[in-house]
Amino acid sequence: MSVISLRISILSNRYLYLALTAFYTGCEENGNQLSDKQPMKIIQNIQERLGKSSLFLILLPVFYLLHMVTEYYPMLTLKDLFIPVTAWMLGLPVLLFLAIRYIKASWVQYAMTFFYLEIVYFFFSTIYLFIEKYIPFLAHYKYLLPLIVAIGVFLFISSRKKKAPPYRFFLYLNTLLIILVIVECIQLVIKTLPEKTFTALHQSNGDLPQLPPCDSCIKPDVHYIVFDGYAGSDALQHFWQYDNSALDSFFRTHGFYNVAHAKSNYNYTSFSIGSILNMDYHQRAFDQKIDLLLYCEGIKTIKNNPVCRLFQQLGYTIINQSFFPIPGDKPRQSISYLSNKKAILMSPTLPSRLINDIGWQAGIKQLTFNSSRFIEENTANSRLSLQQLQNTYKQLMQIAGQQHKKPAFVYSHFMLPHKPYLFDSTGHLTPDSTWHNNSYKKASYLSQLKHTNTVIRNIVTQLLKPGNRPRVIIIQSDHGYREFPKNLKQLEFSNLNAIYFPDQQYTGLYDSISSVNTFRVILRKYFNAPLPLLKDSTVYIRH
């Protein structure tokens, strides 16, 4: 939401206001001197109309909706705006504008109050995060909500006393928002260009490390396989008193380097995968709780990642068996909670923020989670997850048996042992009524993890069969279990990390290596990439 924050600040930018004022004043003076010049008359006519119009009441939601698409593309696309929620998000401002223009012209003096309410509604999340960072004592809702209401009442009373609306400010708002809407349209066109055109215009490999020429370099197939939310052996022993040494021994017996004290760098999937495929930490502060839009920001860091682009540069075929967009191939899975376009569009708004922050206290979340509709949607999403799990497993096993003409980089992502808890320890499906039962989440997670171990063994056995080229295999989790008590939050970073090199020479790996260094080691080993290892550290994202 940083771009939105920037553009919101533009609305109160004194220098832009002065620049637009000077422009229109200059046009006005030139128009008086050159009244016979048609262009000046047109500009004067536009200026007069914009100065008297409350069009900004429509332009603001239009800007908001377009910006949400450009900011969160491809999670949102233009067609996602044609849903019922956008009809009233845009429809109410349109009706208000038409009422002021054709039915109740006297309401124009309250246009600034209406505009203030729109800003609070659409951009409340941005406003709240700004206040939380710079005026933290006001971030308590018992202070903030009364303040918002008081400002609205003040504007309403002030508007009643004014004999005429501030036409010059109307002119400024309308002009500014027209400019911003045009900018968003241009960005949208650029983002929706065909991929090759977009790459030619914007994508450069200048940011990639320069790989030295190496005619003798072996180009193995690289399988990057993620098991979502798989806790490391340390955490399993500490919290569940579960001994996972059988899997550890399986890896060692089959020639893997099993990282004994592995750690993820982030405790949320999109940021963890983003850091792994960018081979670096995210250059941002995580001073807010995770929400849908923050999660989407993590996904954006994956889309143009250097690992996939380097493999493309080296002549690799990219096979994407995940739900994230990566260079070279489209995702074959979808994340159920990102398919709810209404939720993404509504995330920055006042009602969504309030429900997310204080919904439990008001009883709203309990009602939502216990509603039959929510349960039906969750069950349907779980069935989709099950289907995707089965498809990904089947396709990966098929890929493992294929003879590729070119070396391949295969990214496969399994939502295991992550919830929903679909399987018991033997791999049989549990009743769908138990899939989201938090009362048994600790036991259900462990049961699903035991089934996951069987899946891992099957995949490794298949991948180790002889092929037409050697294979590098990375079995890794993006983070660990996230339902620990508060005093055990650091265990969220305890993860699975087992790496197989065909020559079984593991120089560069060590027992506490973290995920961010995974591809630095691989690219150094096989392609002499000038990539030093980074310091291993963890970044906690509140939830």
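Sequence positions, counted from 1, serve as the residue numbers for this chain.
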Review point. Any side-chain donor-acceptor pair under 3.5 Å between D228 and H413?
Key: yes
Check your understanding: Are the ring centres of Y316 and F409 closer than 6.0 Å?
Key -> no
Point to revise | Nearest-0.5 Å distance that lies between atom OG in S245 and atom CZ in F250 | key: 14.0 Å
**Study point:** Lys NZ or Arg CZ of R482 over Y268 ring: under 6.0 Å, within 45°
**Key:** yes
Practice item. Answer yes if the side chains of T430 and W435 hold a donor-acceptor pair under 3.5 Å, and no otherwise. Key: yes
Review point. Should the heavy atoms of other residues, nucleotides or ligands under 6.0 Å from CG of L488 be counted, would the total exceed 12?
Key: yes
Review point. With a 4.5 Å limit on heavy-atom distance, are the side chains of I522 and F527 in contact?
Key: no
Check your understanding: For the atom pair CG (L211) and CG (L310), what is the distance rounded to the nearest 0.5 Å?
Key -> 5.5 Å
Revision key, fill the gap. Correct closest heavy-atom pair for S264 and T538 would be O-CG2, 3.4 Å
Practice item. Measure the CD1-CG distance between I456 and L449 for me, rounded to the nearest 0.5 Å. Key: 7.5 Å
Practice item. Kindly indicate whether the side chain of H282, heavy atoms from C-beta on, has any atom under 4.5 Å from the side chain of Y266. Key: yes
Check your understanding: For T349 and L345, which heavy atoms make the closest approach, and how far apart are they?
Key -> CG2-O, 4.3 Å
Exercise for review: Could you tell me whether K441 sits above the aromatic face of Y421, with NZ or CZ closer than 6.0 angstrom to the six-membered ring centre and within 45 degrees of the axis?
Suggested key: no
Exercise for review: Any chance you could lay out the side chain to side chain donor-acceptor pair (under 3.5 Å) test for D234 and H261, step after step, and finish with the verdict?
Suggested key: CA-CA 7 Å; D234 293 345; H261 305 291; 2.9 Å; yes
**Study point:** Min side-chain heavy-atom separation F311-V222 under 4.5 Å
**Key:** yes
Exercise for review: Write down the atom of R471, the atom of G401, and the distance for their closest heavy-atom approach.
Suggested key: NH2-N, 4.4 Å
Practice item. Using a strict cut-off of less than 4.0 Å between a Lys/Arg side-chain nitrogen and an Asp/Glu carboxylate oxygen, indicate whether K289 and D357 qualify as a salt bridge. Key: no
Practice item. Step through it carefully: locate the ring centre of F501, locate the ring centre of Y526, and say whether they are under 6.0 Å apart. Key: yes
Point to revise | H479 and N495 side chains, donor-acceptor separation under 3.5 Å | key: no
Review point. Does a donor on one side chain sit under 3.5 Å from an acceptor on the other, for Q321 and Q333?
Key: no
Check your understanding: Are the aromatic ring centres of Y411 and H223 under 6.0 angstrom apart?
Key -> no
Exercise for review: Go through the side-chain N and O atoms of D291 and S347 and say whether any donor and acceptor fall under 3.5 Å apart.
Suggested key: no
Check your understanding: Can you find a heavy atom in the side chain of M279 that is under 4.5 Å from one in the side chain of L531?
Key -> yes
Review point. Is there a side chain to side chain contact (heavy atoms under 4.5 Å, CB included) between V307 and Q312 once you walk through the steps?
Key: CA-CA 9 Å; V307 164; Q312 282 183 299; over 6 Å; no
**Study point:** Test log, rule side chain to side chain contact (heavy atoms under 4.5 Å, CB included), inputs L509 and V259
**Key:** CA-CA 8 Å; L509 295 176; V259 182; 5.7 Å; no
**Study point:** Any donor-acceptor pair under 3.5 Å from Q448 side chain to K419 backbone
**Key:** no
Exercise for review: Grab the two heavy atoms, one from P351 and one from M346, that are nearest each other, plus how far apart they are.
Suggested key: CG-CE, 4.4 Å
**Study point:** Non-hydrogen atoms of G255 and Y500 that approach each other most closely
**Key:** O-CD1, 3.6 Å
**Study point:** Worked check of side chain to side chain contact (heavy atoms under 4.5 Å, CB included) between K263 and S515
**Key:** CA-CA 7 Å; K263 286 211 177 343; S515 305; over 6 Å; no
Check your understanding: Looking at side-chain heavy atoms only, is the closest gap between I499 and I473 below 4.5 Å?
Key -> no
Check your understanding: Between N267 and Y481, does any side-chain donor sit less than 3.5 Å from a side-chain acceptor?
Key -> no
Review point. Is the backbone N or O of L389 less than 3.5 Å from a side-chain atom of T392, with the two atoms forming a donor-acceptor pair by type?
Key: no
Practice item. Examine distances only and state if a side-chain atom of Q476 and a backbone atom of A498 form a donor-acceptor pair shorter than 3.5 Å. Key: no
**Study point:** Modelled atom types, side-chain donor and acceptor of D80 and T77, under 3.5 Å
**Key:** yes
Review point. Taking the inter-plane angle between the rings of F123 and Y64 on a 0 to 90° scale, is it parallel (under 30°), tilted (30 to 60°) or perpendicular (over 60°)?
Key: perpendicular
**Study point:** Check: Y540 ring centre within less than 6.0 Å of F286 ring centre
**Key:** no
Practice item. Look at the rings of Y295 and F324 and say which category their plane angle falls in: under 30° parallel, 30 to 60° tilted, over 60° perpendicular. Key: tilted
Review point. Just checking, is any N or O donor in the side chain of D511 or Y257 under 3.5 Å from an acceptor N or O on the other one?
Key: yes
Exercise for review: Answer whether the closest heavy-atom distance between the side chains of Q187 and E71 falls below 4.5 Å.
Suggested key: no
Exercise for review: Measure the shortest side-chain to side-chain distance between S272 and I276 over non-hydrogen atoms and say whether it is less than 4.5 angstrom.
Suggested key: yes
**Study point:** Presence of salt bridge, E492 and K489, under 4.0 angstrom
**Key:** yes
Check your understanding: How far does OG of S322 sit from CD1 of I225, to the nearest 0.5 angstrom?
Key -> 13.0 Å
Check your understanding: Do any N or O atoms from the side chain of R469 and from the backbone of H404 form a donor-acceptor pair under 3.5 angstrom?
Key -> yes
**Study point:** Donor-acceptor contact present, side-chain T253 to main-chain S249, <3.5 Å
**Key:** yes
Revision key, fill the gap. Only one of N453, T452, D478 passes side-chain hydrogen bond (donor to acceptor under 3.5 Å, both in side chains) with Y230, and that residue is N453
Check your understanding: If you look at every heavy atom in L314 and K219, which pair is closest and at what distance?
Key -> O-NZ, 2.6 Å
Exercise for review: Dump the intermediate steps for side chain to side chain contact (heavy atoms under 4.5 Å, CB included) on D280 and S275, then the final yes or no.
Suggested key: CA-CA 5 Å; D280 205 350; S275 68; over 6 Å; no
Review point. Is a side-chain donor-acceptor pair under 3.5 Å present for S514 with N265?
Key: yes
Check your understanding: If you measure from CZ on R457 to CG on L247, what distance do you get to the nearest 0.5 Å?
Key -> 5.5 Å
Review point. Under 3.5 Å, is there a donor-acceptor pair between the N278 and N305 side chains?
Key: no
Exercise for review: Report yes if some heavy atom in the side chain of P532 is under 4.5 Å from a heavy atom in the side chain of R520; otherwise report no.
Suggested key: yes
Point to revise | T301 OG1 to R284 CZ distance, which is reported to the nearest 0.5 Å | key: 10.5 Å
**Study point:** Q388 side-chain N/O to S334 backbone N/O, donor-acceptor pair under 3.5 Å
**Key:** yes
Point to revise | Polar contact flag, side-chain donor to acceptor under 3.5 angstrom, N391-Q387 | key: yes
